Each structure stands twice: as C-alpha cells, then as structure tokens.
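The block underneath contains the structure these notes are about, expressed in structure tokens.
Just so it is clear, the model here is predicted, and its values are computed rather than measured.
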Amino acid sequence: MPSPVVVFIGAPASGKSKIAKRVAALLQVPRIDTDKVVVAEHGPIADIFDNSGEATFRAYERAAVKDALQHRAIVSLGGGAVLDPDTQKDLTTVPVVLLTVSEEAVASRISDPKRPLLRDGIEAWKKLVAARMPIYSELAWNTFDTSAGDLDAIAEDIVSWISSGTPRQGVSS
Ligand SMILES: Nc1ncnc2c1ncn2[C@@H]1O[C@H](COP(=O)(O)OP(=O)(O)O)[C@@H](O)[C@H]1O
Ligand SMILES: O=C(O)C1=C[C@@H](OP(=O)(O)O)[C@@H](O)[C@H](O)C1
Ligand SMILES: [Mg+2]
C-alpha cells in the first residue's frame, strides 16, 4: 500500500499547511491537508465544533487522516489529530516532521477565527501545546522551527532532509 513521503504535525499555526504545500510543490508530489478534506466533506471547522461538538470533528478528522495515510503524498495534519490513539499508532511507521514555533512568533498568527480552540488566544494555545508536546516529541523523526526565517527557506531545508533519506534526528532542543 502507498504511504506518505512525510507527515507534518505540530501546534496550531506552526506552519504545517503552508509548508507542506511548498514541500509538495518542490518535490512534485501531491499534498493532502486533512483539515481541507474535512472542510470539503463537512463544511467549515468552526461550524462543526459549534453545531456538532469537538468529538464529531475528531471523528471526521480521524477518517480523513486514515485515508490520507494511504497515499504517496505530503500530508499535513491538524494540530490535534495526534490525540487519536489509532493515528498515533499509524504514525509510528512513516516519516514525521514536527514543526515548532515560539509563543512570541505565533501570537500574530492566531487571530484567524477559523480555529475554534484558540478563541481565548495565546493562553489557550500555550495550554494546548504544553499538553500535546509529549506526543509530538514522541512521534517526531525530525523537528524544524518556523519562528524565524521565511517559509520557502524552511521548506527547502525540509526537502534536503527528505532527499537525504529522512534520517531520524528526534527533537532538537
Ligand atoms: N515561517 C513563517 N513565517 C511567517 N509566517 C508564517 C511562517 N510559518 C507560518 N506562517 C503563517 O502562520 C499562519 C499559519 O500557518 P498554517 O500553515 O496555516 O499553520 P498550521 O497548519 O500549522 O496551523 C499562516 O498565516 C502562515 O502564513
Ligand atoms: O489544534 C487543534 O486541535 C486544531 C487545529 C486546527 O488545525 P491547524 O493545526 O492546521 O491549525 C484544526 O484541525 C482544528 O481547528 C483543531
Ligand atoms: Mg493547518
């Protein structure tokens, strides 16, 4: 069965969707963003949370992740997708890139109302990230920080790592 070239995980607004798009373009491989799949199938994420609740969103998300992981693609997950135990299990066998971002750098990126879990702003982001970091770190084969530097340069660094055979480097401090 085909499997992803690389899967992006990490905090909301760490740059997963944007960087995955650039990496896919550089490598000329299809890109699948699981949030985009959920939106195409079920409508805006904020509406799903408001009308049906987070559990329903997570079920839609898990279905999108399960399908995405069966394609040879660059895959970007939503920040909370790794909370699902089956997704954690699935991610043990594919190259996983963790994107990180500092609290200072992310502050200006999270005003977008599309993320219902961040309606309380930076404090909500900090809590989410602190709770999830053990899972992110456990799954990551390599980590790239997006706090500084432009998106194209970060994407090029990630492509170099992929081209070198995705060696496991763990989480940089
Ligand atoms: N290195 C960066 N420099 C500047 N802006 C960035 C950088 N990385 C991400 N962003 C911005 O942060 C926002 C969130 O990016 P996105 O790819 O949607 O993150 P995620 O998918 O991780 O939530 C976007 O507006 C994007 O342009
Ligand atoms: O962190 C989360 O739980 C979420 C992150 C979002 O994706 P991004 O990480 O791409 O912003 C999106 O899946 C949803 O709003 C929930
Ligand atoms: Mg995204």
Side-chain angles (χ1 to χ4, degrees), residues 4-27 29 31-39 45-46 49 54 57-58 61 64-65 68 73-84 87-88 91-92 94-173:
V5 174
V6 78
V7 178
F8 286 92
I9 64 170
S14 57
K16 302 179 295 296
S17 299
K18 299 271 184 190
I19 288 178
K21 193 173 180 183
R22 283 164 168 77
V23 169
L26 287 166
L27 292 174
V29 170
R31 186 241 346 201
I32 304 173
D33 185 271
T34 55
D35 278 339
K36 285 196 193 306
V37 173
V38 170
V39 171
I45 291 173
F49 270 76
E54 179 171 350
F57 171 76
R58 296 296 174 202
E61 179 177 54
V65 171
I74 306 294
V75 176
S76 45
L77 304 185
V82 299
L83 297 171
D84 186 288
T87 294
Q88 290 175 20
L91 289 180
T92 56
V94 291
V96 173
V97 169
L98 170 63
L99 296 184
T100 56
V101 58
S102 69
E103 185 188 324
E104 294 74 22
V106 88
S108 62
R109 300 187 195 171
I110 59 172
S111 50
D112 187 338
K114 282 195 292 193
R115 294 185 185 87
L117 294 179
L118 299 187
R119 285 180 179 142
D120 292 335
I122 192 71
E123 290 307 319
W125 183 90
K126 279 163 47 181
K127 270 195 207 138
L128 278 185
V129 177
R132 293 172 182 172
M133 198 44 91
I135 301 173
Y136 290 148
S137 303
E138 178 74 26
L139 293 170
W141 288 31
N142 201 357
T143 308
F144 293 83
D145 189 73
T146 71
S147 307
D150 69 56
L151 290 161
D152 289 320
I154 298 164
E156 280 167 22
D157 285 349
I158 295 169
V159 166
S160 296
W161 175 72
I162 294 170
S163 302
S164 72
T166 63
R168 286 185 192 243
Q169 324 249 294
V171 177
S172 53
S173 53

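Shortest non-hydrogen contact noted between Val96 and Leu139 is CB-O, 3.4 Å. Across all non-hydrogen atoms, the minimal contact from Val29 to Ala73 is CG1-CA, 3.6 Å. Here the closest non-hydrogen pair linking Pro116 and Ala46 is CG-CA, 4.1 Å. Between Ser76 and Ser17, the closest heavy-atom pair is OG-CA, 4.0 Å. Counting all heavy atoms, side chain and backbone alike, Thr34 lies closest to Ala68 at CG2-CB, 3.9 Å.
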**Report entry** Criterion side-chain contact (heavy atoms from CB on, under 4.5 Å) on Arg132 and Leu83, from CA distance to verdict
**Finding:** CA-CA 8 Å; Arg132 293 172 182 172; Leu83 297 171; 4.0 Å; yes

Requested in this report: Evaluate the side-chain contact (heavy atoms from CB on, under 4.5 Å) criterion for residues Arg115 and Leu128: first the C-alpha distance (whole Å), next the side-chain angles of each, then the deciding distance (0.1 Å), finally the verdict.
Outcome: CA-CA 12 Å; Arg115 294 185 185 87; Leu128 278 185; over 6 Å; no

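Take Asp35 and apply the side chain to side chain contact (heavy atoms under 4.5 Å, CB included) test, not counting sequence neighbours, and it matches Asp33, Ile45, Phe57, Glu61. Annotation: side chain to side chain donor-acceptor pair (under 3.5 Å) contacts of Glu54 (sequence neighbours excluded): Arg58. Looking at residues two or more places apart in sequence or on another chain, you find a side chain to side chain contact (heavy atoms under 4.5 Å, CB included) between Leu26 and Ala155, Glu156, Val159. Under the side chain to side chain contact (heavy atoms under 4.5 Å, CB included) criterion, Ser108 pairs with no residue, sequence neighbours left out.
Distance CD1/Ile162 to CD1/Ile74: 5.0 Å, rounded to 0.5 Å. In this structure, Arg109 CZ and Lys18 NZ are separated by 11.0 Å, a value rounded to the nearest 0.5 Å. Taken from CH2 in Trp125 to CG in Asp120, the straight-line distance is 15.5 Å, to the nearest 0.5 Å. Note that CG of Asp157 and CZ of Phe144 are 6.5 Å apart. Values are rounded to the nearest 0.5 Å. Between the CD1 atom of Ile122 and the CD1 atom of Ile110 there is a distance of 4.0 Å, given to the nearest 0.5 Å.
Side-chain contact between Asn142 and Ile158: absent, with no pair of heavy atoms (C-beta onward) separated by less than 4.5 Å. Contact check for Leu77 versus Leu91: side-chain heavy atoms found under the 4.5 Å cut-off. In this structure the side chain of Asp84 never reaches within 4.5 angstrom of the side chain of Val65, judged on heavy atoms.
Annotation: salt bridge (charged side-chain N to carboxylate O under 4.0 Å, His left out) contacts involving residues 143-153, sequence neighbours excluded, comprise Arg22-Asp152.
For Ser164 (side chain) and Trp161 (main-chain N/O), a donor-acceptor pair under 3.5 Å exists by modelled atom type. Using a distance-only test at 3.5 Å, with no hydrogens or angles considered, a donor-acceptor pair links the side chain of Ser147 to the main chain of Ser102. Between the side chain of Tyr136 and the backbone N or O of Gly79 there is at least one donor-acceptor pair closer than 3.5 Å.
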Under 3.5 Å donor-acceptor pairs involving side-chain atoms of residues 4-16, not counting sequence neighbours:
residue	atom	partner	partner atom	Å
Ser14	OG	Ala11	O	2.7
Lys16	NZ	Gly10	O	3.0
Lys16	NZ	Ala11	O	2.8

